[in-house]
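Counting starts at 1 for both ligands and their atoms, in listed order.
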Amino acid sequence: MSEFVFERLSDEYGPEQVTYVYEPRVGLKGIVVVDNSASGPAIGGIRMAPDVTTTEVFRLARAMTWKNALAQIPHGGGKSAILADPSAPNKQALIRSFARAIANIKTYIPGPDMGTDETCMAWVRDEIGRSVGLSRVLGGIPLDQIGATGWGCAVAAEVACEFSGIKMEGAKITIQGFGNVGQHAARYLVKKGAVVVGVSDVDGALVNPEGLDIEELISHRRKHNNVTGYGKGKVLDRDAIIRVPCDLFVPAARPDVITEHNVALLQCKIVLQGANIPATALAERMMHAAGILSVPDFVCNAGGVICAAVEYAGGSQRQAFDQITEKISDNTREVLKLAAEHKQMPREAAVALAKQRVAEAMSYRRLG
Ligand code: NAD
């Protein structure tokens with residue numbers, strides 16, 4: 001397996017280290033990939049799912065390398081996985097055992113990801129003294145609660161609107177996925193003057209061209225776990241959100257929701273990728289050809305990891321918001337400017353910029 005990773009996936013940036021951990025007494029099987037730590041110890045989440053592969057962990061780690069480098073935080077990219085059901089009754093034993101097994105991989109700082117949360121991060125810190133995504137009592141900044149990623153998306157939206165000649169005041173927004181990222185992106189965009197005309201969640205889509213009352217909708221969802229029962233709007237099929245006319249569409253749910261089969265349905269000028277890889281590579285090229293400005297995931301959804309880096313450095317919530325604002329605003333502007341100058345897709349410009357930053361960080365390291 002490791003041969004496969006190094007022969008097929010390695011390049012001049014990494015991975016630096018791929019480690020398998022195994023503890024049969026608790027049934028622990030885990031994978032850690034430190035992709036690149038030139039800028040500092042890698043930050044990346046622990047994914048807990050029974051079917052994660054080494055290749056998947058490597059790809060996620062590489063995505064963190066680009067995201068962290070672009071955000072210019074003092075951390076490289078990494079990721080890990082525990083191959084188990086996140087509802088396993090011995091979850092705490094698995095997490096603690098995993099933490100002890102990675103204690104000596106000092107170039108990796110674990111954070112939360114699918115299947116792990118701040119409680120898991122507290123167990124990890126209790127075992128090895130390092131993790132991010134902690135609760136306030138442990139000095140953490142609860143990034144989902146404060147909406148760090150949603151705030152970053154709203155900041156990126158403002159810059160993207162500027163590039164597309166759209167006024168934020170009155171800009172029409174649709175959002176797919178009304179979870180941590182979607183809800184907070186909606187709240188912050190409304191605070192900036194935008195109007196959310198449609199949202200979707202697993203149960204369906206809700207559309208109101210006059211604008212939805214987001215605070216009311218959030219409290220409705222908190223109570224009823226749906227958006228469609230809110231009432232003040234038209235209920236559509238879940239996937240119909242993609243064809244609702246708007247200025248800016250925020251996919252904030254799952255990967256690969258925009259494909260070559262549905263990209264032509266989009267009726268927006270900007271796609272702001274709140275979720276990770278919400279569009280296939282082909283769909284992204286098709287959006288570009290159709291004149292839709294697509295802001296890449298790792299540019300606009302870096303708010304969470306910037307917040308985690310501030311937490312790790314002992315900073316405050318206010319400092320986290322300030323850094324997210326400055327970094328995401330500057331990076332979105334630089335990426336969109338470079339893309340326009342070089343007639344590239346924003347993703348190509350963003351990857352080139354991230355590579356340049358990683359290469360510079362690597363140039364300062366001693367060889368071997
Ligand atoms: P979440 O689980 O809180 O919310 C996701 C929401 O999407 C849920 O409400 C779910 O019901 C809904 N959903 C699922 N499938 C859907 C579909 N087909 N159509 C419409 N809605 C659907 O997750 P989150 O933390 O908001 O993360 C959303 C995405 O953003 C994920 O891809 C995640 O990897 C990415 N992301 C999250 C963060 C973060 O800080 N939370 C940071 C970077 C990237």
### Message
Please tell me whether F98 and W123 form a close aromatic pair, meaning their ring centres lie under 6.0 Å apart.
### Response
no
### Task
Within a distance under 4.0 Å of any heavy atom of V181, pick out the atoms of ligand 1 and give their elements.
24 (P), 26 (O), 27 (O), 30 (O), 37 (C), 38 (C), 39 (C), 41 (N)
### Message
Protein non-hydrogen atoms only, distance under 4.0 Å: does atom 2 (O) of ligand 1 have such a neighbour?
### Response
no
### Query
Which part of A148 is near ligand 1, with near meaning a heavy atom under 4.0 Å away: side chain, backbone, both or neither?
neither
### Query
With no hydrogens and no angle check, is any side-chain donor or acceptor of K67 less than 3.5 Å from a backbone partner on V299?
no
### Task
Could you tell me whether a side-chain N or O of K327 sits under 3.5 Å from a main-chain N or O of A71, the two making a donor and an acceptor?
yes
### Query
Side chain, backbone, both or neither: which part of Q183 comes within less than 4.0 Å of ligand 1 when only heavy atoms are counted?
neither
### Query
Just distances here: any N/O of N301 and N/O of ligand 1 closer than 3.5 Å?
no
#### Entry: Main-chain N/O of G40 paired to S37 side chain as donor or acceptor, under 3.5 Å
no
### Task
Find all atoms of ligand 1 within a distance of less than 4.0 Å from any non-hydrogen atom belonging to R221, and give their numbers and elements.
9 (O)
### Residues S131 and Y312: side-chain donor-acceptor under 3.5 angstrom
no
### Message
Between ligand 1 and D144, is the shortest N or O to N or O distance under 3.5 Å?
### Response
yes
### Message
Is it the case that atom NZ in K192 sees more than 12 heavy atoms from other parts of the structure closer than 6.0 Å?
### Response
yes
### Query
Can you tell me the protein heavy atom closest to atom 33 (C) of ligand 1 and the distance?
N276 ND2, 4.1 Å
### Query
When you look for heavy atoms under 4.0 Å from ligand 1, do you find them on the side chain of V257, its backbone, both, or neither?
neither
### Message
For atom 15 (N) of ligand 1, what's the nearest protein heavy-atom neighbour? Residue, atom name and distance, please.
### Response
R254 CD, 3.2 Å
### Query
Does the N or O separation between N180 and ligand 1 drop below 3.5 Å for any pair?
yes
### Task
Could you list which atoms of ligand 1 come closer than 4.0 Å to a heavy atom of S200?
20 (C)
### Query
So, the side chain of D113 versus the backbone of I46: is there a donor-acceptor pair under 3.5 Å, distance only?
no
### Message
Looking at non-hydrogen atoms alone, which of D201, V305, T149 comes nearest to atom 39 (C) of ligand 1?
### Response
T149
### Query
Counting heavy atoms only, which part of M114 comes closer than 4.0 Å to ligand 1: side chain, backbone, both or neither?
neither
### Task
Would you check whether L143 has a nitrogen or oxygen atom less than 3.5 angstrom from a nitrogen or oxygen atom of ligand 1?
no
### Query
side chain to side chain donor-acceptor pair (under 3.5 Å) between R347 and Q273: does it pass, once the steps are laid out?
CA-CA 11 Å; R347 180 171 296 276; Q273 303 187 357; 2.9 Å; yes
### Message
Looking only at protein heavy atoms, which one is nearest to atom 14 (C) of ligand 1, and what is the separation?
### Response
V202 CG1, 3.6 Å
### Query
Is the gap between the ring centers of Y230 and H224 under 6.0 Å?
no
### S219 side chain to E216 backbone, donor-acceptor under 3.5 Å
yes
### Query
Do T149 and N301 have side-chain atoms, one donor and one acceptor, less than 3.5 Å apart?
no
## Note on the structure
Counting from 1 in the order shown, the ligand 1 atoms closer than 4.0 Å to a non-hydrogen atom of A275 are 29 (C), 30 (O), 32 (O), 35 (C)
### Task
Give the residue and atom name of whichever protein heavy atom lies nearest to atom 28 (C) of ligand 1, and the separation in Å to one decimal.
A252 O, 3.4 Å
### Message
For atom 16 (C) of ligand 1, which of the options A253, G133, G179 provides the nearest non-hydrogen atom?
### Response
A253
### Task
Mind checking the CG-CG spacing from D117 to D144? Nearest 0.5 Å is all I need.
10.0 Å
